[in-house]
Amino acid sequence: MLNLNELKKTLQFLKGIGPTKYKRFQKMGIHTIEDILYAFPREYEDRRHIDNIKGLKNEDKVSLKVTVCGDVEKVTVKRNFNIYKVPFRDTTGTAYGIFYNTPFVQNTFSIGQQIYLNGKVKIAFGEIQILHPEYEFVSNKERKLFERILPVYSLTEGLTQNDFIGIQSQVLHSYADCIDEYLPQDTIQRNRLCDIHYAIRNIHFPQSPQHLKVAKYRLVFEELLILQLGLSLTKNKLMVEQEGIKFDRKPELYRLIEALPYRLTNAQKKVLKEIENDMEQSKTMNRLVQGDVGSGKTVVALIALYKAILNGYQGALMAPTEILAEQHLHSAKELLEPLGVNTALLSGSIPKKKKEEILRKIESGEINLIVGTHAIIQETVTFHKLGIAITDEQHRFGVRQRAVLSSKGLNPDILVMTATPIPRTLALILYGDLDISTIDELPPGRKKIKTICMQQERRQAAYDFAKGQILDGRQVYIVCPLIEESESIEAKSALDIFEEVSNLYLKDFRIGLLHGKMKGQEKESVMAEFKCGQLDVLVSTTVIEVGVNVPNASVMIIENSERFGLAQLHQLRGRVGRGVHQSYCMLISSGKNNRTKERMQVMEQSENGFVIAEKDLELRGPGDFFGTRQHGIPELRIANLFKHVHVLKHAQKEAAILLEEDTTLCLEKNKVLKNKLVEKFIDRLEEISL
Ligand code: ADP
Ligand code: MG
């Protein structure tokens with residue numbers, strides 16, 4: 001039954017959803033019936049088993065089926081603090097449900113009633129107690145919470161598991177059948193998948209672990225199939241490659257390399273060779289260079305740019321932030337201006353008049369090297385003769401941007417640089433359209449950064465240590481996840497920390513503040529002060545995450561480090577240890593759960609970006625790992641590119657079969673699948689050849 005409109009209805013009118021609850025669902029990105037059906041459980045709790053009261057031990061998490069065997073007893077502990085005790089028994093013993101300050105309990109339970117209970121056991125005063133148990137009446141026809149495998153959903157403030165489960169089962173009951181099967185029958189049969197209705201029902205309320213497994217496989221498969229189809233179709237479009245520029249070898253290039261204040265590492269040499277090879281072919285270069293923080297990507301980029309310039313072309317170097325663009329400009333000037341290269345900065349905050357002049361010089365060809373933010377290609381810049389465009393720390397230099405460049409009558413070589421190491425298999429999926437080079441070696445003589453994880457309570461010690469380092473002439477970064485205080489998130493804001501540090505921990509020192517809401521020029525001047533040593537301490541949000549290079553900084557303190565991804569922490573840590581000084585990274589966290597501990601330990605133990613990235617993927621899943629938008633790939637709800645590599649292989653095979661028969665998916669039997677694909681890849685549609 002095709003009924004798309006039903007699925008697009010908002011949750012608002014559902015029974016049990018008032019305006020407040022609706023808002024809360026919206027906050028989670030759940031607006032429609034379809035959204036909630038696709039809000040899959042985070043995990044499951046097996047409540048098929050019912051325990052016996054006899055033999056229960058302290059801290060046991062139990063489900064019971066019992067009969068209320070006495071009146072609810074009210075015990076007044078002190079003023080405004082009452083305990084309500086509900087006695088119950090099963091055939092093996094008696095126990096008590098304990099509720100604090102909840103008078104309604106007295107009217108909820110009555111003798112002889114049969115109930116299910118779930119909660120943690122506490123043995124106190126020789127009694128078996130269960131504190132604030134979850135309960136359900138056996139007389140309820142529909143069993144929501146017991147004798148079944150129960151889904152556990154991700155929640156937001158003000159929304160309980162029970163709310164979610166209640167709404168979900170209502171929606172499933174009335175709407176699950178409205179979902180159209182979007183996989184072609186052939187695909188379902190070839191891969192022995194269950195149908196979509198079975199999958200959706202059992203992913204939420206699995207009848208058995210086996211049902212869950214089958215449902216999950218189908219949903220993972222489908223998600224990866226759609227991903228693979230989208231990416232393959234993007235590639236197909238790219239296959240039609242235009243003729244690019246063929247650069248010549250120039251001896252001046254080797255003079256530059258000889259004149260560097262250091263020798264290139266073998267890894268830098270190898271990558272440079274790969275780049276040069278590409279540049280000397282007439283096919284356009286589309287290459288990704290990945291190299292850990294500090295591996296020296298910038299100089300490789302500058303050499304490639306110089307090669308293009310020596311050939312009479314212009315080069316563009318793009319960075320994600322103005323701070324980083326500034327810094328690159330500085331390096332470019334230092335290295336290339338003495339060789340007669342004219343450089344210019346192009347970013348959002350350059351005054352209009354100055355900008356017009358720069359634009360004019362770019363158009364005339366007077367400027368050879370343009371460094372800047374993405375403004376370089378987004379604005380109405382006309383190049384005289386652009387030969388190569390390099391993006392730094394931008395994980396995806398989209399096909400769209402390439403199209404923009406080509407539409408200006410150019411077909412420049414493209415190089416993308418990233419310090420976020422991506423495991424090879426994943427890189428092949430995400431960047432199937434790019435060749436990959438890896439700088440897998442750091443310049444010699446780098447000292448290992450000492451990383452220490454500490455709990456909130458030991459902050460004083462971290463700051464005391466920082467003080468010592470400042471007195472030795474070093475500088476300190478302090479990074480926080482947020483700019484302003486937020487009600488709902490328990491994390492320290494940069495503003496708070498700035499005040500706290502200025503007034504308390506490091507009050508005798510010169511402290512600067514840097515965050516994303518500041519104007520470009522303000523940011524630059526704070527950064528410049530820190531760079532030249534006029535500031536001892538820089539309190540910052542993650543705007544300093546990528547690329548920033550201040551070799552005298554030796555301490556990185558990260559507040560609420562549990563709120564960052566590991567790859568991000570690794571990036572942040574990479575801001576220190578860039579000079580000759582022993583450097584330190586202190587990860588302050590308030591998370592006490594095991595996952596947080598485990599993640600922080602990875603940081604203590606490993607310095608290798610690849611190892612950390614893999615761990616991160618494993619612990620968090622790719623949804624968080626990749627800013628998916630940045631990559632332009634659709635969000636994965638259930639598939640995990642790391643865990644499901646084997647499913648991915650099947651999905652890739654299936655995608656190939658489908659496309660071989662129907663290159664643009666326009667056959668009637670693929671129509672629904674194509675709709676789904678369009679919906680998922682909405683942000684990249686113009687790149688896909690459908
Ligand atoms: P990233 O790869 O993180 O962008 P950078 O390009 O900023 O790294 O380089 C980090 C530092 O290492 C810079 O100060 C740079 O001058 C220096 N550097 C780069 N290559 C070498 C090398 N071969 N030997 C010594 N130092 C190098
Ligand atoms: Mg860099």
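Order of listing sets the numbers, starting from 1, for every ligand and every atom in it.
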Quick one: which ligand 1 atoms are inside 4.0 Å of a heavy atom on [X]?
X	result
Asn549	13 (C), 14 (O)
Leu264	23 (N)
Thr265	23 (N)
Ser295	2 (O), 8 (O)
Arg263	22 (C), 23 (N), 24 (N)
Thr298	4 (O), 5 (P), 6 (O), 7 (O)

>> Can a donor-acceptor pair be found, under 3.5 Å and without considering hydrogens, that links the side chain of Lys297 to the backbone of Gly291?
In response: yes
> So, is Gly294 polar-close to ligand 1, with some N/O to N/O distance under 3.5 Å?
Replying inline: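 Yes; at least one N/O pair falls below 3.5 Å.
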>> Using a 3.5 Å cut-off on N or O atoms only, is Pro443 in polar contact with ligand 1?
In response: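 No, no N or O pair falls under 3.5 Å.
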>> Assess whether a salt bridge exists between Lys307 and Glu280, defined as any Lys/Arg side-chain N lying under 4.0 Å from an Asp/Glu carboxylate O.
In response: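 The answer is yes: the pair qualifies as a salt bridge.
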> In Å and rounded to the nearest 0.5 Å, what is the CE to CG distance from Met603 to Leu566?
Replying inline: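 It is 6.5 Å, given to the nearest 0.5 Å.
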> Distance from Thr343 atom OG1 to Lys333 atom NZ, nearest 0.5 Å?
Replying inline: 5.0 Å
> Looking at Ile367, Thr373, Ile362, which hits side chain to side chain contact (heavy atoms under 4.5 Å, CB included) with Leu346?
Replying inline: Ile362
>> Below 4.0 Å, non-hydrogen atoms only: which portion of Arg578 touches ligand 1? Side chain, backbone, both or neither.
In response: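 Just the side chain.
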>> Working note: Val381 + Ile370, criterion side chain to side chain contact (heavy atoms under 4.5 Å, CB included); need CA distance, chi angles, decisive distance, verdict.
In response: CA-CA 11 Å; Val381 183; Ile370 301 101; over 6 Å; no
> Should the ring pair Tyr313 and Phe247 be called parallel, tilted or perpendicular, given that the plane angle runs from 0 to 90° and is split at 30 and 60?
Replying inline: perpendicular
